[in-house]
Amino acid sequence: MPCIYCELTARILEIPVTVILMPSTIPLLPGSTIYYTMLYAVKSDTDKMLEYVKATISAGLGIALGATVSTIIIRLAVSLAKKCRK
């Protein structure tokens, strides 16, 4: 949902989407998994570190996929709206 909000806000303010998208997605990243990944990396506990790396990467990819899908949906809606107006 934040990605759709970013797309719409960027269009209203006439600025690039990334100006709004990047700062709004950073808080969505799982801070605890990033913290524990670094903790176990420093402690050289490879098994636990890899477990948290997988969780962190999965969450990050999920956020990126959501941003991509909502961007595609908004762009399709805008192009369809332009075609209907003509």
Side-chain angles (χ1 to χ4, degrees):
M1 186 67 180
C3 299
I4 294 173
Y5 168 76
C6 293
E7 286 282 343
L8 295 175
T9 305
R11 293 192 184 279
I12 291 169
L13 297 176
E14 297 179 357
I15 58 174
V17 177
T18 52
V19 172
I20 298 173
L21 185 61
M22 284 301 132
S24 68
T25 8
I26 290 173
L28 297 175
L29 292 174
S32 63
T33 58
I34 295 170
Y35 171 79
Y36 286 118
T37 299
M38 291 292 110
L39 176 69
Y40 292 125
V42 170
K43 287 185 174 183
S44 299
D45 190 348
T46 309
D47 293 334
K48 286 186 180 179
M49 181 195 71
L50 289 176
E51 179 182 329
Y52 282 102
V53 165
K54 289 177 188 176
T56 305
I57 289 174
S58 295
L61 288 175
I63 293 168
L65 181 63
T68 304
V69 167
S70 46
T71 299
I72 291 170
I73 290 171
I74 293 290
R75 289 187 182 188
L76 284 173
V78 168
S79 67
L80 286 174
K82 285 181 182 179
K83 286 181 182 178
C84 288
R85 289 181 189 161
K86 290 182 180 182

**Item:** Distance in Å, C6 SG paired with I74 CD1, rounded so as to fall on 0.5 Å steps
**Value:** 10.5 Å
**Asked** In Å, rounded to the nearest 0.5 Å, how long is the span from CG of L80 to CG of L76?
**Response** 6.5 Å
**Request:** Output the distance between atom CD (E51) and atom OG1 (T56), rounded to the nearest 0.5 Å.
**Result:** 10.5 Å
**Message:** Among V17, L13, T18, exactly one meets side-chain contact (heavy atoms from CB on, under 4.5 Å) together with I15. Which residue is that?
**Reply:** L13
**Item:** Residue pair E7 / T71, side-chain donor-acceptor N/O under 3.5 Å
**Value:** yes
**Asked** Rounded to the nearest 0.5 Å, what separation is found between the OG1 atom of T37 and the CG atom of L50?
**Response** 9.0 Å
**Prompt:** Between I73 and V69, does a side chain to side chain contact (heavy atoms under 4.5 Å, CB included) hold up when you go through it step by step?
**Reply:** CA-CA 6 Å; I73 290 171; V69 167; 3.8 Å; yes
**Asked** With a 4.5 Å limit on heavy-atom distance, are the side chains of V78 and R11 in contact?
**Response** yes
**Fill in**
ring-ring contact (aromatic ring centres under 6.0 Å, His included) filter on Y52, not counting sequence neighbours, yields Y36, Y40
**Message:** Measuring from atom CE of M49 to atom CG of L39, what distance do you get when rounded to the nearest 0.5 angstrom?
**Reply:** 11.5 Å
**Asked** Which value, rounded to the nearest 0.5 Å, describes the distance between I63 atom CD1 and S58 atom OG?
**Response** 11.0 Å
